Amino acid sequence: MALKLFDSLTRQTRELAPAAPDGVFRFYNCGPTVYAPAHIGNFRTFIVNDVLRRLLDLEFPGKVKHVRNLTDVDDRTIGQARAERRPLAEITRHWTALFHADCAALNLLVPHVEPTATGHIPEQVEMIDVLLQKGNAYRSADGSVYFKITSFPQYGALSRIRERELKVTNTAFDADHKDDVGDFALWKAYKPEEDGDVRWPGPGGAFEGRPGWHIECSAMIRRHLGETIDLHTGGVDLLFPHHENEIAQSECCTGTTFARHWYHSEHLLVDGTTMSKSKGNYYTLGDLVAKGYSPTAVRYALLSGHPRKQLNFTLDSLHAAESALKALRRFAQGLGPAGSAEPSALFDPVIRALEDDLNTPAALGALFSAVNAHAPGNAAADRAALDRALGVLGLDLTPPASGAPSAPAEVEDLARRRWEAKKARDFAAADHIRAEIAAAGWSMLDSKDGYRLEPAKKA
RNA sequence: GGCGCGGUAGCCAAGUGGUAAGGCCGAGGUCUGCAAAACCUCUAUGCGUCGGUUCGAUUCCGACCCGCGCCUCCA
């Protein structure tokens with residue numbers, strides 16, 4: 001089985017394989033900026049990358065090194081700290097913790113390394129020093145350092161920026177400091193009124209300030225994965241300028257290929273448009289859980305579209321996901337435990353769909369096709385196969401732990417009375433009480449020898 | 001203006017030069033005192049529009065219409 005993935009640089013679907021002699025597959029996924037709760041659009045990318053990670057684990061067992069960073073110093077994190085008048089580290093620590101909790105709820109595997117920008121300042125400064133020495137970077141009047149894109153002839157290969165006609169605006173061109181609009185900051189000189197106590201010694205041991213955004217990834221990759229990595233991923237929005245700039249600074253610094261394969265997942269839209277707080281279509285995982293949806297359903301819904309296609313997220317898609325998951329749970333229960341059985345081939349098409357450029361919607365389709373095609377016989381082996389397929393998708397069928405809130409005492413009391421009435425075959429009374437229970441916002445679900453109460457479904 | 005992506009049933013969504021996976025919803029049925037659940041069955045002569053290539057196109061080519069994203073720090 002070969003794992004194929006679209007490569008944003010060559011615009012072709014290519015096979016993934018480690019290049020280094022040690023056989024380790026080096027995988028870097030651009031992580032979040034920790035200044036606010038991550039929204040489900042962010043999580044679409046992280047979930048897609050999580051499925052990728054699981055596929056890689058299947059393909060290269062024990063030989064995958066997965067790194068995902070945390071951006072904990074940049075304009076936005078600093079801005080948030082200023083707005084709240086709290087130390088930067090306190091802000092980023094808080095949002096990192098929430099991010100990790102959301103990741104756990106969404107069943108995301110923990111990367112092998114999760115480096116932070118602030119934890120790698122010397123590494124970043126070192127790279128900037130090299131770029132200055134090699135003439136790929138220059139220092140501006142205020143002590144900032146910019147990368148000179150004309151010094152790197154291949155600049156623009158990834159984003160095809162040369163074919164674009166840049167809409168140049170005054171705000172985009174910081175004429176005071178940059179030589180060229182396209183140049184980007186490697187190091188930003190310290191500005192007391194903006195940066196507060198956020199500052200480090202800069203290139204050459206002088207020029208206090210902080211790193212630009214792009215250099216952190218280059219430095220952390222170099223430190224944790226080496227000069228050449230096998231796969232670099234992120235959302236499409238990072239393609240330009242972030243990844244373009246990473247390539248430039250890394251390759252100029254090391255003189256060798258930075259990433260052998262690039263992959264970008266598309267944006268999540270909500271209600272047909274981009275998410276924004278002002279439109280009221282901005283969702284975090286917490287928002288959706290508060291509405292009663294399970295994180296597993298969120299994960300399922302986010303996998304229901306092709307990762308390289310924009311996905312329009314709606315609450316309806318969450319309903320569909322909950323229903324589909326419910327059917328899968330029933331099916332799994334019907335099969336019983338896998339025990340020590342070897343997986344059957346029943347769900348192989350699911351894995352194959354994923355190996356074919358991470359086609360998650362096809363994989364989900366194949367999952368149900370297999371369920372529908374299932375014939376009784378080797379339940380344990382089929383269950384083992386189901387578990388493996390669901391494992392790669394990262395779908396955990398365990399029902400939500402907490403769940404059912406208990407009904408108020410008066411509703412419990414009504415239920416008890418209705419049950420007695422029913423047993424006495426006084427159906428008129430039983431139906432009357434059912435209506436009362438419904439009026440109180442609860443549903444009474446009878447079974448053969450008992451009943452349970454659930455909150456009535458909201459419209 | 002430039003770069004890119006997409007338009008497949010009520011909704012979501014795969015896919016292929018040879019005649020449309022799958023999920024949700026809905027409908028009918030079985031079962032159940034009722035309700036719910038579960039199970040069974042059904043649901044696109046059609047894949048934005050118009051041309052072209054072809055024995056044959058939803059799938060290739062062209063034009064057009066519509067939607068969306070990006071164009072300097074947003075996954």
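Convention: sequence-line order gives letters A, B, ...; per-chain numbering from 1. The structure presented is a predicted model; accordingly, all values stated were derived computationally and were not measured.
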Check A:K422 with A:D431, please: is the shortest side-chain N to carboxylate O separation under 4.0 Å? no

A:R44 (side chain) and B:A75 (base): donor-acceptor pair under 3.5 Å: no

Any stacking of A:F368 on B:G22, going by centres under 5.5 angstrom and planes within less than 30 degrees? no

Using only modelled atom types and a 3.5 angstrom limit, is any donor from either the side chain of A:K326 or the base of B:C24 paired with an acceptor on the other? no

Pick the C1' atom in B:U49 and in B:U8, then give their distance to the nearest Å. 15 Å

Hey, does A:G235 reach any base, or is it just sugar-phosphate, or nothing, if we go heavy atoms under 4.0 Å? sugar-phosphate

Quick check on RNA chain B: between A:N312 and A:F427, whose nearest nucleotide comes earlier from the 5' end? A:N312

Test for a donor-acceptor pair under 3.5 Å between the base of B:C34 and the side chain of A:D446, counting only N and O atoms. yes

Quick one: the side chain of A:R434 and the base of B:C34, do they pair up donor-acceptor inside 3.5 Å? yes

Answer yes or no: side-chain N or O of A:N372 and base N or O of B:G22 forming a donor-acceptor pair under 3.5 Å. no

Contact class for A:L268 (heavy atom, under 4.0 Å): base, sugar-phosphate, or nothing? base

Result for 5'-nearest mapping on RNA chain B, choosing between A:R425 and A:F46, is A:R425

Can you confirm if the aromatic rings of A:H243 and A:H232 lie within a centre distance of less than 6.0 Å? yes

Per the atom types in the model, does the base of B:G69 pair as donor or acceptor with the side chain of A:R308 at under 3.5 Å? no

Phosphate-side-chain proximity, A:R76 and B:C73, N/O vs OP1/OP2 below 4.0 Å: no

Parallel, tilted or perpendicular: ring planes of A:H66 versus A:H112, cut at 30 and 60 degrees: perpendicular

Quick one: look up who B:C47 pairs with, Watson-Crick or G-U, both distances under 3.5 Å, and put none if it's unpaired. none

Mate of B:C34 where both pairing distances stay under 3.5 Å, Watson-Crick or G-U: none

